[in-house]
Amino acid sequence: MADNVLLSVEQMYKADSLAEQGGVPSLNLMEAAGKAVAEEIPNRWQKRPVAVLAGPGNNGGDGFVVARLLGEAGWPVRLGLLGDESALKGDAAVNAGLWQGETEKLTPGMLDDDPLVVDALFGAGLSRPLDGPALGLVQTINERKMDCIAVDIPSGVHGDTGEILGGEGDALKAAVTVTFFRAKTGHFLMPGRDHCGQLVIVDIGIPDSVLDDIRPKTFLNGPVLWLDDFPWPEAAGHKYSRGHAVVCGGAEMTGAARLAAMGARRLGAGLVTIAAPTDAFPIYAKEEPGTIVKTVDDDAGFRDLLGDPRMNAVLAGPGLGVSDATREKVLSALSSGKSTVIDADGLSAFADDPDALFEAINGPCLMTPHDGEFKRLFSAQGDKLARTRRAALSTGSVVLLKGADTVIADISGNAVINATGSPDLATAGSGDVLAGMALGLMTQGMNPYQAACASAWIHGAAGEKTGPGLIAEDLPANLPLVLQDLKDGAVPVN
């Protein structure tokens with residue numbers, strides 16, 4: 001699990017400090033960082049002119065190491081410094097003194113003749129927008145689509161939030177980013193992730209034991225977090241031992257519930273029942289023959305259905321419409337004491353009175369909003385991680401905030417960022433399948449946090465397998481391929 005740890009900028013500073021207190025000289029860490037970048041370059045590019053853009057802090061110090069090592073290896077290197085060399089301090093000043101080449105002013109001329117660019121301007125600790133020569137160079141590099149490798153994080157990206165400090169176009173877009181010890185949250189939160197290119201994480205000599213003091217609570221989602229508890233079918237198992245899920249079906253948007261039901265079945269729910277209005281029964285009944293359909297026309301009927309103790313998890317929201325009837329179904333699901341997933345209209349129906357929803361949560365519950373649904377219920381202030389954590393803590397539920405950088409948080413403050421998936425998943429019904437998948441895992445006994453993490457990762461992996469042309473109906477069909485890979489150990493667990 002340690003390899004999945006994501007650190008904040010402050011935690012990374014603490015890791016550096018703890019390593020130094022433990023006897024690892026900071027100068028050695030800087031040398032190792034620069035060496036890692038210098039060694040990555042010939043793995044990707046043929047020998048060519050290099051422009052190292054060095055900032056006034058330790059990131060610039062890393063740049064001096066890169067320039068020295070590439071120069072010693074015969075690469076033609078120019079180094080441009082933002083600011084005066086006399087103002088450099090500590091390890092950065094030491095490495096500036098070891099550089100035998102010319103230290104130039106940072107000017108547009110550094111980019112003449114299309115060099116490979118090493119971005120060592122600012123690291124993850126940057127807290128203000130780029131300006132002056134640094135901003136001008138970054139904008140030019142982006143406009144020309146120049147080959148670029150970033151040291152730690154592309155300059156202009158906030159290391160914690162992934163936000164672009166300034167505005168669109170005010171952060172460098174790298175082909176490769178080399179960071180050290182552990183990735184930062186800003187490497188995986190959008191739009192920062194889109195600026196990093198391929199992320200390479202290297203060991204520079206910081207011992208893993210420093211994590212014992214840091215106690216991180218943010219992770220990159222991966223099977224290592226939940227695979228040991230994944231509910232694979234057992235030899236002596238049967239459909240009743242694998243749980244019975246209920247999906248609330250709407251009268252008009254019938255596809256949402258049907259997609260969710262398929263997601264639940266593909267993730268292993270033993271039985272899935274759609275609670276459908278009488279008028280829509282023929283639509284539901286003529287679809288997948290393995291899905292049970294029962295007519296339920298009012299909340300009393302829904303409560304009666306949930307009174308069956310064999311039905312142990314319920315999904316309310318997809319395709320129900322924003323109405324009082326939807327509110328009643330959600331509240332009935334929560335009052336049943338069964339594991340509950342609330343999605344889509346089941347969330348939006350409480351936009352005028354979020355507290356009525358939150359106060360009803362008294363058991364295992366997962367909410368799966370997209371950004372628009374989230375903003376109807378919660379404060380939109382703060383970065384995505386902070387917002388999701390606050391929502392989980394304030395409601396006593398697990399919250400899965402969907403997107404290219406899906407974030408999942410539980411009531412203890414644990415959180416993951418999911419990085420599987422592709423832009424092709426941005427299509428109608430994709431989220432309904434995801435909600436159903438989580439339902440299927442909760443039906444089999446996974447807790448809401450584990451179910452959310454597993455379903456998000458598997459959902460993204462299924463999207464990757466499908467590729468261009470994906471529609472939501474493809475996802476359930478491709479889930480067995482991902483599950484087989486997981487079972488065979490054909491995918492990295494981290």
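Here the structure is a predicted model, which is why all the values come from computation and not from measurement.
For the atom pair CE of Met311 and NE2 of His244, the computed distance is 4.0 Å after rounding to the nearest 0.5 Å. One finds the CD atom of Glu373 at 5.5 Å from the NZ atom of Lys402 (value rounded to the nearest 0.5 Å). Here Leu425 contributes atom CG and Ile471 contributes atom CD1; the two are 12.5 Å apart, rounded to the nearest 0.5 Å.
Side-chain atoms of Ser8 and Asp160 form no donor-acceptor pair, as typed in the model, at a separation below 3.5 Å. For Glu39 and Asn43, the side-chain atoms include no donor-acceptor pair closer than 3.5 Å. Judged by distance alone, the side chains of Ser323 and Thr326 do bring a donor and an acceptor atom under 3.5 Å apart. Residues Ser422 and Asp424 bring a donor and an acceptor atom of their side chains to less than 3.5 Å of each other. Donor-acceptor pairing under 3.5 Å is recorded for the side chains of Thr466 and Asn478.
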Determine, stepwise, if the pair Val5 / Phe219 fulfils side chain to side chain contact (heavy atoms under 4.5 Å, CB included).
CA-CA 5 Å; Val5 163; Phe219 303 88; 3.8 Å; yes
Step by step, work out the side chain to side chain contact (heavy atoms under 4.5 Å, CB included) result for Ile164 and Glu168.
CA-CA 7 Å; Ile164 306 305; Glu168 186 177 350; over 6 Å; no
Where do Ile342 and Cys365 land on the side chain to side chain contact (heavy atoms under 4.5 Å, CB included) test, with the steps shown first?
CA-CA 8 Å; Ile342 311 172; Cys365 180; 3.8 Å; yes
Audit row: Arg182, Leu6, side chain to side chain contact (heavy atoms under 4.5 Å, CB included) steps and yes/no
CA-CA 6 Å; Arg182 294 295 185 275; Leu6 299 177; over 6 Å; no
As a quick check of understanding, evaluate side-chain hydrogen bond (donor to acceptor under 3.5 Å, both in side chains) for Thr291 and Arg258, giving each step before the final call.
CA-CA 9 Å; Thr291 300; Arg258 287 182 281 152; over 6 Å; no
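The backbone N or O of Phe378 sits nowhere less than 3.5 Å from a side-chain atom of Arg390 that would complete a donor-acceptor pair. At least one donor-acceptor pair under 3.5 Å links the side chain of His187 to the backbone N or O of Lys184. Asp152 places a side-chain N or O within 3.5 Å of a backbone atom of Ala124 that can act as its donor or acceptor partner. Judged purely by atom type and a 3.5 angstrom limit, Thr443 uses its side chain to pair as donor or acceptor with the backbone of Leu439. Using a distance-only test at 3.5 Å, with no hydrogens or angles considered, a donor-acceptor pair links the side chain of Asn142 to the main chain of Lys173. In this structure a side-chain-to-backbone donor-acceptor pair under 3.5 Å is missing from Ser430 to Ala426. The backbone N or O of Ala33 sits nowhere less than 3.5 Å from a side-chain atom of Asp62 that would complete a donor-acceptor pair. Checking side-chain atoms of Asp343 against main-chain N and O of Pro318 turns up no donor-acceptor pair under 3.5 Å.
Looking at heavy atoms from C-beta onward, Leu479 lies in side-chain contact with Met437 at the 4.5 angstrom threshold. Contact check for Leu267 versus Ile458: side-chain heavy atoms found under the 4.5 Å cut-off. Contact of the Leu434 side chain with the Thr406 side chain is not registered, since no non-hydrogen atoms from C-beta on lie closer than 4.5 Å. With a 4.5 Å cut-off on side-chain heavy atoms, Leu483 and Lys487 do not count as touching. Residues Val138 and Leu121 form a side-chain contact, since some pair of their non-hydrogen atoms from C-beta on lies under 4.5 Å apart. Looking only at side-chain heavy atoms (C-beta outward), Phe230 and Leu441 come within less than 4.5 Å of each other. You'll find the side chain of Leu306 reaches within 4.5 Å of the side chain of Val314, heavy atoms only.
The pair Asp371-Arg387 meets the salt-bridge criterion, with a side-chain N (NZ, NE, NH1 or NH2) lying under 4.0 Å from an Asp/Glu carboxylate O. Of the charged side-chain nitrogens involved, none lies within less than 4.0 Å of a carboxylate oxygen, so that Asp147 and Arg44 do not count as a salt-bridged pair. Classification of Arg193 and Asp405 as a salt-bridged pair fails, no side-chain N sitting under 4.0 Å from a carboxylate O. A salt bridge does not link Lys329 with Asp345: none of the charged nitrogens is closer than 4.0 Å to a carboxylate oxygen.
By the neighbour-count criterion of 12 heavy atoms within 6.0 Å, atom CD of Glu252 is sparsely surrounded, having that number or fewer from other residues, nucleotides or ligands. Other residues, nucleotides and ligands contribute only 12 or fewer heavy atoms inside 6.0 Å of the CG atom of Asp228. With a 6.0 Å radius and a threshold of 12 heavy atoms from other residues, nucleotides or ligands, Met253 has its CE atom at or below the threshold. A 6.0 Å sphere centred on CD1 of Ile411 holds no more than 12 heavy atoms belonging to other residues, nucleotides or ligands. Atom CG of Asp352 has 12 or fewer heavy atoms from other residues, nucleotides or ligands within 6.0 Å. Taking a 6.0 Å sphere around NZ of Lys217, one finds it holds more than 12 heavy atoms contributed by other residues, nucleotides or ligands.
Between Gly205 and Leu29, the shortest heavy-atom contact is C-CD2, 4.2 Å. The two residues Lys338 and Asn312 come nearest to each other via the heavy atoms CB-O, 3.7 Å. Across all their heavy atoms, Ala419 and Leu220 have their closest contact at CB-CD1, 3.9 Å.
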